[in-house]
Student: 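Structure below; questions to follow.
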Amino acid sequence: MSSAEQTRAQILAAATTEFTVHGLAGARVDRIAANAGASKPMIYAYFGGKDTLFDRVFESHVIANKHRVPFTPDDLPGYAVRLYEDYLGDPALVRLLMWKRLEQEPEGYLYPGMEDHDAKHRDDIARAQAAGTTREDLDPADIWSLLISIAATWAQNSITAVASAADPGELHERRKRALETAVREMFHPRTKQ
């Protein structure tokens, strides 16, 4: 890795921490520079302004990790549990999502550049519906949105309780069982009475 690449990586790492904690409005370029061992002019030269730097952090930490949890349309309960575990293991991810929603995209689609990714998952859900493994009376787009939201029930944007890696293992197991049950009940095909 060249010196310039290493400096960019250090700036992105420091900016990720800064934006995770303080959001876009509260983040300070001077703190990012100090924590990265770089100068403010260097940050502006490499990344432009603070908004552009936030976008680069979002792209490198959120968008670039879109395949980190493989989607399994035939096992939606298992997918929800793996998302829970991923959110637990990377609290910065959900916090960056939260800040982007609060400060840049208050409504509409949140993931620029991921439209095809999400469309593929919706198509996978439609195929699962056609195969009879997922209920057919809900739109695939609604199933996808509900699935992501349910998996984030205890993530950093929760309005009830936020999970922590320090929570007892039994608590994580209870939450994962609840996720599996809820997702199965919501999206499993209905039996005819």
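Count residues from 1 along the sequence.
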Student: Would a 4.5 Å heavy-atom cut-off, applied to side chains only, mark W99 and F54 as touching?
Tutor: yes
Student: According to a hydrophobic-cluster definition based on side-chain heavy atoms being under 4.5 Å apart (Ile, Leu, Val, Met, Phe, Trp, Tyr only), do I63 and F19 belong together?
Tutor: yes
Student: Are I125 and F187 close enough that some pair of their side-chain heavy atoms sits under 4.5 Å apart?
Tutor: no
Student: Do any pairs count as a side-chain hydrogen bond (donor to acceptor under 3.5 Å, both in side chains) and have a residue in residues 45-54, sequence neighbours left out, and if so which ones?
Tutor: none
Student: Show me the pairs that pass side-chain hydrogen bond (donor to acceptor under 3.5 Å, both in side chains) and involve residues 136-156, at least two apart or across chains.
Tutor: R135-D137
Student: Group every Ile, Leu, Val, Met, Phe, Trp and Tyr by side-chain heavy-atom contacts under 4.5 Å, then state whether V162 and I150 land in the same group.
Tutor: no
Student: Do the side chains of V21 and L97 join up, straight or via other hydrophobic residues, at under 4.5 Å, putting them in one cluster?
Tutor: no
Student: Distance check, rounded to the nearest 0.5 Å: M186 atom CE versus L146 atom CG?
Tutor: 4.5 Å
Student: Using the side chain to side chain contact (heavy atoms under 4.5 Å, CB included) criterion, which residues pair with E5? Sequence neighbours excluded.
Tutor: M1, S2
Student: How many angstroms lie between atom CD of E18 and atom NE2 of H22, to the nearest 0.5 angstrom?
Tutor: 4.5 Å
Student: If you look only at pairs with a residue in residues 71-82, which of them pass as a side-chain hydrogen bond (donor to acceptor under 3.5 Å, both in side chains), with sequence neighbours excluded?
Tutor: T72-R82, D74-T133
Student: Quick one: pull up CG in L88 and NZ in K176 and give me the separation to the nearest 0.5 Å.
Tutor: 8.5 Å
Student: Which heavy atom in V183 sits nearest to a heavy atom in A80, and how many Å separate them?
Tutor: CG2-CB, 3.8 Å
Student: Does any pair with a residue in residues 88-100 pass salt bridge (charged side-chain N to carboxylate O under 4.0 Å, His left out), and if so which ones, sequence neighbours excluded?
Tutor: R68-D90
Student: Would you give the length of the straight line joining atom CG of L53 to atom CD1 of I11, rounded to the nearest 0.5 angstrom?
Tutor: 8.0 Å
Student: Does CG in D30 sit with more than 12 non-hydrogen atoms of other residues, nucleotides or ligands closer than 6.0 Å?
Tutor: yes
Student: Listed by chain and number, what are the ring-ring contact (aromatic ring centres under 6.0 Å, His included) partners of H117, not counting sequence neighbours?
Tutor: H67, H121
Student: Among pairs that include at least one residue of residues 145-154, which meet salt bridge (charged side-chain N to carboxylate O under 4.0 Å, His left out), considering only residues two or more places apart or in two chains?
Tutor: none
Student: To the nearest 0.5 angstrom, please state how far the CG atom of L76 sits from the CG atom of L147.
Tutor: 5.5 Å
Student: Suppose we screen for ring-ring contact (aromatic ring centres under 6.0 Å, His included). Which residues come up paired with Y87, at least two apart in sequence or across chains?
Tutor: none
Student: Kindly give the heavy-atom pair with the smallest separation between V29 and Y44, and that separation in Å.
Tutor: CG2-OH, 3.6 Å
Student: Looking at every heavy atom in both H172 and Y84, which two are closest together, and how far apart are they?
Tutor: ND1-OH, 2.6 Å
Student: Not counting sequence neighbours, list each pair that qualifies as a salt bridge (charged side-chain N to carboxylate O under 4.0 Å, His left out) and has a residue in residues 120-134.
Tutor: K120-D124, D124-R127
Student: What's the shortest heavy-atom distance between E180 and P77, and which atoms?
Tutor: O-CB, 3.7 Å
Student: L93, V69: one ILVMFWY side-chain cluster at the under-4.5 Å cut-off?
Tutor: yes
Student: Test of understanding: with salt bridge (Lys or Arg N to Asp or Glu O under 4.0 Å), list the residues that count as partners of E107, not counting sequence neighbours.
Tutor: none
Student: Verify, without hydrogens or angle tests, whether E103 (side chain) and L24 (backbone) share a donor-acceptor contact under 3.5 angstrom.
Tutor: yes
Student: Are the side chains of Q104 and F58 in contact, using a 4.5 Å heavy-atom criterion?
Tutor: no
Student: Please tell me whether V81 and L171 are part of a single hydrophobic cluster in this structure, the criterion being side-chain heavy atoms less than 4.5 Å apart.
Tutor: no
Student: Please list all pairs passing the salt bridge (charged side-chain N to carboxylate O under 4.0 Å, His left out) test where one or both residues lie in residues 151-172, with sequence neighbours left out.
Tutor: D167-R175
Student: Do S60 side-chain atoms and V57 backbone N/O form a donor-acceptor pair below 3.5 Å?
Tutor: yes
Student: Is any side-chain heavy atom of E59 closer than 4.5 Å to a side-chain heavy atom of D55?
Tutor: no
Student: Quick one: side chains of residues 32-43, donor-acceptor pairs under 3.5 Å with protein atoms, not counting sequence neighbours, listed by atom name and distance.
Tutor:
residue : atom : partner : partner atom : Å
N35     : ND2  : R31     : O            : 3.2
S39     : OG   : M42     : N            : 3.1

